[in-house]
Every structure is written in structure tokens, then in C-alpha cells.
There are 2 protein chains.
Amino acid sequence: MSQTVDRALSILPLLAEGPADLGRVADRLGVHKSTALRLLRTLHDHGFVYRQADQRYRLGARLISLAQEAMENLDVREIAHPHLVRLNEQVGHTVHLAVHEEDEVLYIDKVESRYPVRMYSRIGKPVAITVAAVAKLLLADLPEDERRNIAEQLDYPMYTARSTPNADGFLKELAKVREQGWATDLGGHEESINCVAAPIRGADGRVVAAMSVSAPNVVVTADELLTLLPLVRRTADAISGEYSGRTPVKEVTA
Amino acid sequence: MSQTVDRALSILPLLAEGPADLGRVADRLGVHKSTALRLLRTLHDHGFVYRQADQRYRLGARLISLAQEAMENLDVREIAHPHLVRLNEQVGHTVHLAVHEEDEVLYIDKVESRYPVRMYSRIGKPVAITVAAVAKLLLADLPEDERRNIAEQLDYPMYTARSTPNADGFLKELAKVREQGWATDLGGHEESINCVAAPIRGADGRVVAAMSVSAPNVVVTADELLTLLPLVRRTADAISGEYSGRTPVKEVTA
DNA sequence: TGATCCGTTGCAAAATCTGCAACGATCGTT
DNA sequence: AACGATCGTTGCAGATTTTGCAACGGATCA
């Protein structure tokens with residue numbers, strides 16, 4: 001692993017917290033100012049950081065457009081999108097698509113609810129991995145040792161009283177999800193929001209993505225939302241079929 | 001400028017074209033395979049690249065979530081969003097927000113049209129800088145020498161017969177836009193799509209962002225779209241006011 | 001089974017990066 | 001208005017880090 005590159009890349013998450021000046025960056029990196037300057041300059045030349053009018057640095061536009069291209073290269077997303085839109089037209093609620101990669105689960109597509117009350121989320125945002133229905137589906141598909149490994153390394157923040165409290169509970173939940181082939185999140189992340197989710201599988205049967213329908217209590221009760229499960233599963237299966245049919249490369253988590 | 005970091009960063013745009021294996025990356029970089037391997041490993045450790053099941057590399061999720069954070073740090077976007085939504089509710093068409101940075105203009109927010117016929121665009125996507133109404137507004141505000149500089153370095157692809165053909169025409173258009181304080185794109189990017197745009201200004205009067213309303217011919221004619229101009233300008237002014245009122249530069253977290 | 005392709009590792013030479021110290025500019029204070 | 005402090009910037013020499021090489025092992029294919 002290259003030290004110089006390692007340091008340079010460490011600057012980016014740091015700047016994601018907010019703009020910072022040279023001294024601050026050097027401090028946080030634990031290097032001399034001149035070193036930090038040279039790293040920042042290189043990042044700047046590539047457009048990854050931007051220098052504000054007040055000379056402080058922040059993340060640059062190149063990062064945003066690259067991320068955009070990264071998402072457009074995801075086959076699943078391309079295939080799934082029309083299905084998500086159709087499902088949204090049928091049920092009206094927010095529809096999400098998520099994938100798992102390394103230690104994160106993140107939304108790669110979203111169709112907004114037609115109801116005035118919407119849940120907050122954004123494409124590209126990492127999901128609450130210990131409680132989100134889509135996260136459970138994606139992790140439940142991993143081999144058991146990996147599952148245990150990940151479960152033990154996670155934090156278990158108690159977003160609500162119903163949040164998954166610890167690794168043990170999480171593993172139990174994953175086993176259940178794995179068995180039943182679908183998942184829910186009933187107020188585990190935000191008190192008043194429920195989700196039902198179903199997995200999207202590749203040709204080899206492994207889960208490559210997961211989709212969910214989310215709605216706040218004030219619009220539909222959890223029970224009402226659960227009646228949509230068959231529809232969600234059918235949609236997910238349709239995407240799986242299309243994806244398996246013409247997938248040139250399998251993009252699965254190792 | 002740091003050579004190692006420079007090389008490492010060059011890998012990312014390369015992978016944005018699509019997944020590539022080690023040999024290909026090494027070739028394109030003009031370095032030995034072992035060198036490319038070490039760079040890729042470092043990028044991998046930071047989650048910027050991801051290794052597919054077939055061992056090829058592609059852009060990683062960390063890039064996407066970082067870009068997400070980068071956008072959430074943009075003050076203008078936060079302030080503008082509710083205004084964009086309201087405008088969208090009034091006119092129904094697609095509403096965009098864009099900023100200029102270095103040599104790119106890109107969308108940082110979007111509210112979808114309520115009509116079935118929608119234009120294709122995505123948050124984070126660089127806009128067609130020579131024709132887009134928002135791009136003209138953002139560039140028109142630059143000092144004259146910078147404007148000329150940029151205009152001469154740009155390419156002028158003829159998307160349609162009405163696209164800006166060359167630097168000269170572009171500079172004339174910028175001058176006009178600068179004068180009138182608003183801009184249009186009438187079929188300059190896609191034959192059937194028109195836009196009207198207005199600038200958002202900071203406390204010092206400089207243009208910090210631009211917003212636009214876009215609609216295809218089949219929904220409203222260009223003339224009809226132009227009748228929305230006063231409303232668009234009022235919205236932009238409202239955002240400008242709110243933006244100027246607050247701290248021009250964001251505060252650093254401790 | 002043999003040949004080829006690709007990713008991976010250890011090593012020594014060499015180029016690159018690092019920290020230092022000093023400079024200049026900006027800004028706030030006395 | 002001058003002084004001091006802060007911050008970004010530059011040239012340099014030493015030293016660490018990086019690089020390319022060559023060889024290895026595993027996989028695929030004929």
C-alpha cells in the first residue's frame with residue numbers, strides 16, 4: 001500500500017466533514033504543512049478538491065461526476081429502474097434499490113413517494129445497516145462466517161426501541177430473513193416508518209441487490225404495508241429474471 | 001505535484017469508462033503491472049475501487065457516498081431545494097439547480113416533471129456547457145478574460161442545428177445573457193427541449209448557482225415556457241435573498 | 001500434459017517524497 | 001502606522017518510498 005496515495009485519499013473523507021484549511025488538513029493527517037499542500041495540489045489538479053474563495057479546501061465537482069458515472073455503470077440499476085417506477089405508480093410509496101459493497105450498503109436508486117409525507121433518504125447515502133430491510137437481505141445472503149464476521153464488527157446504534165440491539169440479535173434476524181426470502185423494517189430506524197423488502201438475485205442465485213417499499217405510519221399501517229409484500233416480491237423476481245437473462249458479468253460481493 | 005498520487009487518481013476516470021483488469025490499467029497508465037497493482041490496492045483499501053467477482057476493478061461505493069456528502073455540504077443546495085420543489089408544484093415541469101466549478105458545470109439538484117414525458121438528466125451529471133441555459137448564466141458572470149479563456153478552450157459539439165457553433169458565438173451569447181440577467185436554451189441541446197433559467201447570487205452579487213425550468217415541445221411551446229420567466233426569476237431572487245442573508249461560507253466542524 | 005496468461009511477491013536501485021527553514025503576504029492589534 | 005502573528009508557499013538535501021525487474025504459482029485452454 002502506497003503511503004503517499006494513502007495519505008492523499010485520507011484527505012477526502014476529512015474534507016467531507018466540511019471545508020478545511022491547509023493547517024487543519026496537515027494536522028489531521030499528521031504531516032508537515034508543505035506535504036499536505038503538495039497532496040492537496042495534486043488532488044486539486046484532478047478536480048477532486050476545490051479551493052474556495054477563502055482559500056479553504058472542499059470536495060470538488062469531479063468527485064460528484066465520477067460517482068455519477070460509477071452508478072450509471074451498474075447494470076442492476078439500469079435494469080431495475082423501470083420496474084421501480086412501475087411499482088411506485090401502483091403503490092404510491094417510496095421505492096428504493098440498494099446494493100452491498102465491502103462494509104457498506106447503499107441506495108443506488110430511488111423513486112419518490114407520491115404522498116406529501118416523505119421519508120428522508122438520498123441516492124448514494126449509506127443505509128442504517130443494522131436495521132434497514134434491504135441491508136438485512138443483502139447481508140443474509142453472505143456465507144455464514146462472513147456474516148458473523150461483519151455482525152461482530154458493526155455498531156448497533158439504538159435509533160429507536162425496536163432497533164437491532166447487538167450482533168446476536170442481528171444474526172438471528174439475518175437467519176430468519178435468509179429463510180423467508182424477504183425482510184421488513186418496522187420502525188427500527190425511524191419510529192414512524194416501515195419498510196418491506198425483497199431480494200434481487202443473479203443467475204447463480206446470489207443476492208445482488210435488494211429493493212424496498214417504505215411508508216410512514218401516518219399514511220399506511222404496518223399491516224397494510226405488509227399486504228404489498230407479494231407485489232414487491234413479484235417485482236423483485238421480475239428484475240432478477242431480466243438481470244440473470246442478460247448479465248454479461250456477475251457483480252457479486254466477494 | 002506528487003507523481004504517485006497523480007497516477008493513482010488517473011486510474012479513477014479510467015475505470016469510470018468501465019471495469020478493467022490489472023494489465024489494462026497498467027497499460028493505460030504506462031507503468032509496470034506491479035506498480036499498478038499497488039496503486040489499485042491502496043485505492044481498494046479506501047473503498048474507491050471495488051474488485052468484481054471476475055477480479056476486474058471498477059469504481060467503488062465509497063466514491064458514491066463521498067460524492068453524496070460533498071453535495072450535502074453545499075449550502076446553496078440546502079437553501080434552494082424547498083424553493084425548487086415549490087416552483088415545480090406551480091409549473092409542473094422539471095426544475096434544475098446547477099453550479100460552476102473549474103471547467104465543469106453540473107446539476108446539483110433536480111425536481112422531476114409531473115408530466116409523463118421527461119427529459120433525461122441526473123444530479124451530478126456535467127451539463128452541455130456550451131448550450132445549457134444554466135451554464136451560460138454561470139459563465140457569463142466571470143471576468144471577461146476568464147470568459148474568453150474558457151470559451152477558447154471549449155469544444156462546440158453541434159447537438160442540434162441551434163447549438164452554439166464556436167467560441168465567438170458563445171462569447172456573444174454570454175454577453176447578452178450577462179446583460180439581460182437570464183438565459184434560455186431553445187433546442188440547443190436536444191431538438192425538442194427548451195429551458196428558461198435565472199441566476200442565484202451571493203451577498204456580493206456574484207452568481208453562485210443557476211436554476212432552470214425545462215420542458216419538451218410536446219408539452220408546452222417555447223413561447224409558453226417563456227411566460228414562466230418572471231416566476232423563475234422571482235424564485236431565483238428569493239433563493240438569492242435567503243442565501244445572502246446567511247453566512248456566505250460554511251462553518252468548520254471542530 | 002504442456003503451454004500460456006495473469007496476478008502476485010521480494011529485492012535492490014533510484015527516483016520521489018518529506019520535513020525543515022526561510023520568505024512574503026495578509027490581517028488584526030497596539 | 002507599524003508591529004506581530006498567522007498562513008500559504010518555495011528550494012533544498014537527506015532519506016524513505018516507490019519502481020521495475022524477474023521469478024513464482026495458480027488458472028485456463030489446447
Side-chain angles (χ1 to χ4, degrees), chain A residues 1-12 14-15 17-60 102 203-204 247-254, chain B residues 1-12 14-15 17-60 101-102 203-204 206 247-254:
Chain A
M1 317 62 201
S2 160
Q3 184 189 74
T4 320
V5 178
D6 183 45
R7 286 175 172 168
L9 295 180
S10 303
I11 293 178
L12 298 176
L14 192 159
L15 290 184
E17 299 168 17
D21 59 24
L22 179 60
R24 188 192 183 74
V25 172
D27 277 356
R28 293 280 299 266
L29 276 185
V31 299
H32 196 270
K33 279 188 307 181
S34 58
T35 303
L37 177 66
R38 283 180 288 249
L39 296 176
L40 280 165
R41 269 220 268 259
T42 310
L43 288 168
H44 179 92
D45 287 348
H46 286 259
F48 285 89
V49 306
Y50 179 73
R51 199 146 197 203
Q52 303 187 146
D54 63 351
Q55 297 226 313
R56 290 189 305 169
Y57 295 90
R58 65 169 169 74
L59 295 180
E102 308 292 344
D204 53 2
T247 176
V249 182
K250 315 172 233 170
E251 305 186 29
V252 197
T253 316
Chain B
M1 180 164 67
S2 162
Q3 185 188 73
T4 319
V5 178
D6 184 44
R7 286 176 171 168
L9 294 181
S10 302
I11 292 178
L12 298 176
L14 193 157
L15 290 184
E17 298 169 17
D21 59 23
L22 178 59
R24 186 190 187 76
V25 172
D27 277 354
R28 294 279 301 264
L29 276 184
V31 299
H32 196 272
K33 280 188 307 182
S34 59
T35 304
L37 176 67
R38 283 180 289 248
L39 295 176
L40 280 164
R41 271 220 268 259
T42 310
L43 288 167
H44 180 92
D45 287 348
H46 286 258
F48 284 89
V49 306
Y50 178 73
R51 199 144 195 203
Q52 298 185 152
D54 64 351
Q55 295 227 315
R56 289 190 304 168
Y57 295 89
R58 64 168 171 75
L59 295 179
E101 195 178 305
E102 307 292 343
D204 52 2
R206 295 199 45 189
T247 48
V249 185
K250 199 170 177 183
E251 187 203 342
V252 191
T253 40

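Quick caveat: nothing in here was measured; it's all calculated off a predicted structure.
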Backbone of F48(B) reached by a side-chain donor or acceptor of H46(B) within 3.5 Å: no
Side chain of Q3(B) - closest among dG10(C), dC20(C), dC17(C): dC17(C)
For chain A, the stretch of DNA chain D it reaches, first to last nucleotide, under 4.0 Å of its heavy atoms: dG8(D) to dT18(D)
Residue whose closest nucleotide on DNA chain D lies nearer the 5' end, M1(A) versus R38(A): R38(A)
Distance, rounded to the nearest Å, where K33(A) contributes NZ and dA22(C) contributes P: 14 Å
Derivation of the side-chain contact (heavy atoms from CB on, under 4.5 Å) call for R51(B) and H44(B): CA-CA 8 Å; R51(B) 199 144 195 203; H44(B) 180 92; 4.3 Å; yes
Sugar-phosphate, base or nothing in reach of R41(A), heavy atoms under 4.0 Å: sugar-phosphate
Sugar-phosphate only, base, or nothing, as touched by S34(B) at under 4.0 Å among non-hydrogen atoms: base
Along DNA chain D (nearest heavy atom to each residue), the more 5'-positioned of R51(A) and V5(A): R51(A)
Rounded distance in Å - NE2 (H32(A)) to C1' (dC17(C)): 14 Å
Interatomic distance where CG belongs to L40(B) and C1' belongs to dG7(C) [whole Å]: 11 Å
Separation of dC20(C) P from L37(A) CG (nearest whole Å): 16 Å
Residues E17(A), R58(A): salt bridge by 4.0 Å N-O rule: no
Residues R206(B), D204(B): salt bridge by 4.0 Å N-O rule: no
Atom-pair distance (CZ on R24(B); P on dC5(C)), nearest Å: 18 Å
Heavy-atom pair with the smallest gap, counting every atom of Y57(B) and L40(B): CE1-CD1, 3.5 Å
Check: S2(A) main-chain N/O paired with T42(B) side-chain donor or acceptor under 3.5 Å: yes
Phosphate-side-chain proximity, T4(B) and dT16(C), N/O vs OP1/OP2 below 4.0 Å: no
Identified side-chain contact (heavy atoms from CB on, under 4.5 Å) counterpart of L39(B) within the set V49(B), V25(B), L29(B): L29(B)
